[in-house]
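Order of the sequence lines sets the chain letters (A, B, ...), proteins ahead of strands, with each chain counted from 1.
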Amino acid sequence: MRKKKININTIMPFLILGGMLIIFGIATHGQVFVKQNLLNLFNQSAATIIAGLGMIFVASMGGTDITHGSLLAVAAAFSAMAGQAFGAGGMFPTAILVGALSGLFLGVLNAKFKVPSFMASLSMLIALRAFVNWLLSARVIMVPQSIKFIDGFSFKLPALIVLIIIIGYIFKYTPFGTYLRAIGENENAIKYAGINVDKIKIVAFMISGIMAAIAGIFTIVRMGGSNNTLGNGFEMKVMMAMFIGGIPVQGGMGTKLYKLIVGAPTIILLENGMVLCGAGGGVTQGVRGVVLLAAVYLTMVIYSKFNGTGGSKSGAISKLLKECT
Amino acid sequence: MAEEILKTENLSKSFGATKANKNINITIHSGSVFGLAGENGSGKSTLASIICGIQKRDGGIIYKDGNEYNPANLIEANRLHVSMVVQELGVVGSLPPAINMFLGRTDEFTTGGIVNLNKMEEAANKQLKKWDLGSIPMDCMTEELSIEQRKILELARALSTDPDFLVLDEISQALSHDRREILYRFIKRFTKEGKTILMVTHDLDEMMEICDTIAVLRDGEMIETKPTSEFTINELKRKMIGREISGEYYRSDWKEEYQEEVILEVENLTVPDQLKDISFQLHKGEILGVCGLSDAGIHSLGRALFGMSERRTGKVCVKTTKALLNKPKDVIKAGGAYLSKDRDLDGLMLDASLGSNLAVPSVSDLSGRLGFLNPREVKNLAEEIKDSFEIKATGIEHIVKSLSGGNRQKVNLSRWLVKDLKFIILDCPTRGVDIGVKAYIYNILKKAKKEGIGILLISDELSETIGMSDRIMIMRDRRIAGILSRNTDFTEDKIIEVML
Amino acid sequence: MGVKMRKLKKQMILLGCIGAIFVISNMAVDGRLLTWNNMKIIITHAIFPSFVSWGMMFIFTSGLIDLSIGANILLSANIGAICAMDLGMGYFGLIGMTLISAVILEQLSVNCSVNLKIPSWISGLGMALIFEAILTFYSTIRSKTEGSSNITLVNYREMGSMPYMAIIWIIGFAAAYIIFNRSTLGLNIRAIGGNEGVAKAMGINMKKTMLSGAVVGALFIGMAAIIQESYAGKLASTSGLGSLSTIFKSLATVLLAQSFERVVSMPVGIIFSAVFVTSLFNVLTLIGVPSGTGQEMCLGAIVILCGIISHWRYKGVVK
């Protein structure tokens with residue numbers, strides 16, 4: 001009985017992706033499958049997945065990091081500057097440093113100062129965007145030609161796979177990853193197991209920041225240069241990739257990497273397909289909102305069904321009166 | 001005989017496949033105290049909450065004052081003069097006490113849509129005075145009150161609906177000795193007025209003393225109802241678990257016995273407002289019991305030793321290695337563990353699988369080079385713990401939330417005991433656990449003692465500390481009031497004398 | 001009595017601190033802060049965030065952190081302006097329709113969270129995207145037919161000028177105070193925020209209370225929309241969650257007021273906080289920090305700071 005439900009939970013993201021492919025395949029008369037568009041889909045998905053590989057660390061704890069859009073722009077801007085100053089070699093270290101610092105700041109705010117992560121990261125999102133505006137104004141900083149190779153399919157795909165393997169290893173096969181998901185389930189339990197929860201949280205936010213910065217480099221190299229609108233709305237895209245893939249909002253053991261990897265092309269395909277169908281900016285954004293709500297809702301429903309085994313027979317009152325001191 | 005105030009006929013209730021109440025027939029006479037006894041999961045809380053309208057019954061009839069009684073919720077029950085004080089409920093800390101007392105009924109104090117606070121405070125004070133419950137400050141937020149004052153406030157809140165049938169679910173647990181006296185005095189007065197109390201308590205001594213009639217529930221069935229005078233406490237226990245309690249329940253010896261080697265040394269441990277100047281030593285293979293009245297600080301001691309308290313001063317160290325234990329991490333590193341009083345909140349991941357719960361404390365030990373954690377090893381460990389501690393579950397994929405309280409505690413305890421422990425701090429390890437698992441846990445503790453693990457057993461149950469400890473450390477007013485030896489001093493009288 | 005005195009002492013200290021900050025800032029900007037004219041500007045600018053914050057207070061206290069409020073303000077203000085100008089409904093259109101749309105939009109957002117059991121901040125984000133999209137969609141059409149993408153409120157703008165604004169402010173304060181502290185609805189909302197379990201057991205209808213709270217909150221938000229539309233004359237559509245920055249000052253205000261809840265009650269705290277936060281930006285402008293970049297950065301920093309203060313010494317689990 002329960003086994004069957006796990007299956008639904010597992011294959012749901014694939015079903016959605018498949019359905020989306022069929023719908024847009026028909027609606028655009030096969031235009032989505034044109035080679036150029038497929039490459040475009042891949043490039044956008046790759047950036048989303050890379051950023052998501054970081055965000056998933058925070059999401060698995062039940063936290064939120066929506067700095068990604070602005071952080072990507074800031075990291076991209078700095079790395080482009082570094083690229084101009086020191087050549088292509090300077091780009092990655094600079095971006096990673098920027099991402100790590102931002103993550104460190106956010107992590108300390110959340111872990112030590114107890115500011116809810118969505119509030120802190122929302123503030124950061126706005127502040128960092130303002131920072132980029134100030135830094136660049138209307139300026140565009142070009143990246144050195146020598147870095148252009150990373151935009152090629154033959155580099156990007158292996159790079160993506162390597163990143164997925166590294167992150168997958170950390171996330172699934174280390175105590176650190178276990179603790180992250182355990183924090184999503186019950187933070188106190190981990191604290192009482194003598195584990196330094198604050199440290200884990202901060203590291204998770206740092207990884208999230210670093211991956212956003214790496215996504216920033218791939219994006220800026222693709223664009224050729226950095227401007228101040230880079231990455232606008234990117235954080236929502238990454239968030240939705242996770243939710244549409246079925247990663248539960250509250251984090252915990254149900255957080256799986258493959259859900260992100262399937263969810264990212266799904267959301268990219270959705271937006272791409274709508275553009276190909278000729279939908280305007282307003283409509284696309286509206287659909288994005290509806291999909292966000294629907295995805296989160298469906299994940300909740302499926303997840304609670306799969307997890308709701310029987311319920312406790314004893315303490316019916318305590319169940320009813322939960323959350324009391 | 002006084003008239004019947006409440007009567008149930010074939011009352012039943014199920015949660016899924018579980019029958020929480022099976023054809024319950026009880027008759028309660030007005031002016032009496034009716035006790036409900038039973039293990040956890042026996043259905044007594046379900047019965048109480050059906051009577052108060054918090055839950056719906058599946059079948060059967062309830063009569064109150066001869067009329068059919070079927071409240072849709074607690075409020076409707078209140079209107080029919082039934083009220084209850086629940087163990088876990090509590091108050092809203094960010095509202096003043098008076099509003100807490102009349103919450104949900106603030107409309108009664110409204111003129112033109114505006115609530116009259118003065119009128120409400122007056123009514124609140126009147127209520128307290130009426131039942132002689134002592135005074136509570138009114139011009140502050142409720143969170144500024146002490147835990148006991150809040151409990152009394154809850155009682156007053158229940159009484160403010162003018163009930164003639166009051167359900168008290170584990171109320172005395174939160175109260176200290178003197179407040180309990182106030183409670184008992186109140187119960188006498190209340191019943192003298194011809195009103196009735198349904199009492200649910202784990203404290204069987206209290207039940208024997210206060211209740212006129214006791215009904216024993218087991219697995220949702222009513223086993224026996226008769227006047228208290230016809231029960232002995234052993235008979236009551238036997239009825240509750242359905243078998244004779246074996247002599248092996250507690251320790252059978254009466255000797256203070258442990259190794260010379262000191263494991264844990266505590267010097268002048270102080271936490272502002274919680275602990276004052278605590279110094280003691282825990283030996284290898286010793287069970288050191290800690291008990292005291294409700295605000296004596298016994299639970300703070302556990303937290304402080306584990307390094308969870310802020311502004312802690314003094315020294316906690318491992319004697320042999322001189323390693324200082326300042327943070328939880330240090331305790332774990334030194335081979336220690338701590339189980340907090342609230343296992344669901346602080347220990348378990350309720351929505352996660354049994355396997356993940358069992359593995360959490362050990363994942364860092366299992367990980368190899370580059371932190372590699374082999375899922376197979378994790379799984380094997382979980383299976384091993386599940387089997388060797390006889391945790392009743394369908395498999396390690398079983399979600400912990402659907403395990404019984406006793407099994408959950410087994411999960412919580414066993415996953416630490418498989419590690420190479422030197423000492424363990426247990427805060428009420430048998431709280432809310434049925435007698436079967438309780439005996440099992442005591443056996444585990446005896447085994448651990450034999451293996452040389454030092455055990456600090458913090459407990460609210462005096463009989464438990466007496467039954468298990470080599471020495472008992474009694475706390476009073478956040479200090480150590482005395483340490484008694486199993487050799488000579490273990491009588492309830494002697495312990496209570498030190499406690500008060 | 002002792003408790004009351006202690007509280008009074010705390011209030012005095014708080015007031016003293018605010019006063020001291022003002023005096024010091026005044027010196028920093030060569031006395032340009034505490035002039036009559038400048039104070040008038042500050043008050044004028046503090047009225048909008050005050051109303052938004054009172055609205056948030058009724059919604060956030062019961063645990064619904066709704067981020068669609070910014071988009072709600074933009075959309076309902078534009079609907080009100082269209083009714084007033086294009087449809088010729090005058091003040092009735094401006095006030096009535098803005099309030100009605102604010103309530104409806106807020107109900108949509110809150111219902112989405114309460115009924116579908118989605119975390120409120122996500123349902124808020126989703127709804128903000130949708131509300132923004134509706135306005136953007138309309139603006140695109142309008143720019144084709146009318147030439148300009150946003151409606152301008154040419155007439156009916158008295159509510160955005162002094163002294164009417166100040167009068168509305170005072171009335172709004174009185175209403176917020178009474179409903180929050182002295183009405184069953186307000187007390188029930190606070191009970192839910194303080195301890196859900198108790199509130200439920202005491203027969204408070206959670207859903208009804210939360211939704212009613214959202215109605216009251218939406219009325220304040222609607223008033224804020226009217227005031228802003230009247231004051232500015234035009235509220236442009238945004239995209240990509242740009243509407244969030246509309247409510248950021250209010251978010252800071254609410255957080256700040258929340259952290260002083262033990263000292264002064266929320267509705268009062270919001271007035272102080274709104275004036276305080278507005279003054280801060282006034283000082284920034286006086287110093288010469290450019291808006292859009294420097295000031296936005298400060299805004300983010302201030303919300304974070306307020307977040308830190310309001311969670312100071314908080315012991316529970318924070319996600």
Among the listed options B:T110, B:L103, B:T106, the residue most often paired with chain C at heavy-atom distances under 4.5 Å: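 Between B:T110, B:L103, B:T106, the count favours B:L103.
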
Most heavy-atom pairs under 4.5 angstrom with chain C, which of B:T161, B:D107, B:N78, B:N116?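 The residue among B:T161, B:D107, B:N78, B:N116 with the greatest pair count is B:D107.
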
Less than 4.5 Å to any heavy atom of chain C: does that hold for the side chain of [X], its backbone, both, or neither?
X      : answer
B:R105 : neither
B:E76  : neither
B:I114 : both

Shortest non-hydrogen separation from B:I75 to C:M202 and the atoms involved: CD1-O, 3.2 Å

Taking all heavy atoms of B:S94 and all of C:G194, pick out the closest pair and write down the distance. OG-CA, 3.6 Å

Residue part contacting chain B, namely of C:L187, when any heavy atom lies under 4.5 Å: both

Let me see the working for C:T184 and B:V115 under side-chain contact (heavy atoms from CB on, under 4.5 Å), right down to the final yes or no. CA-CA 7 Å; C:T184 299; B:V115 177; 4.1 Å; yes

Looking at CG of C:N181 and CD1 of B:I99, how far apart are the two atoms once the value is rounded to the nearest 0.5 Å? 8.5 Å

Is the [atom1] atom of [X] crowded by more than 12 outside heavy atoms at less than 6.0 Å?
X      : atom1 : value
B:Y69  : OH    : yes
B:K129 : NZ    : no
C:Y164 : OH    : no
B:K56  : NZ    : yes

Max heavy-atom pair count under 4.5 Å with chain B, selected residue of C:G193, C:G203, C:A199, C:A191: C:A191

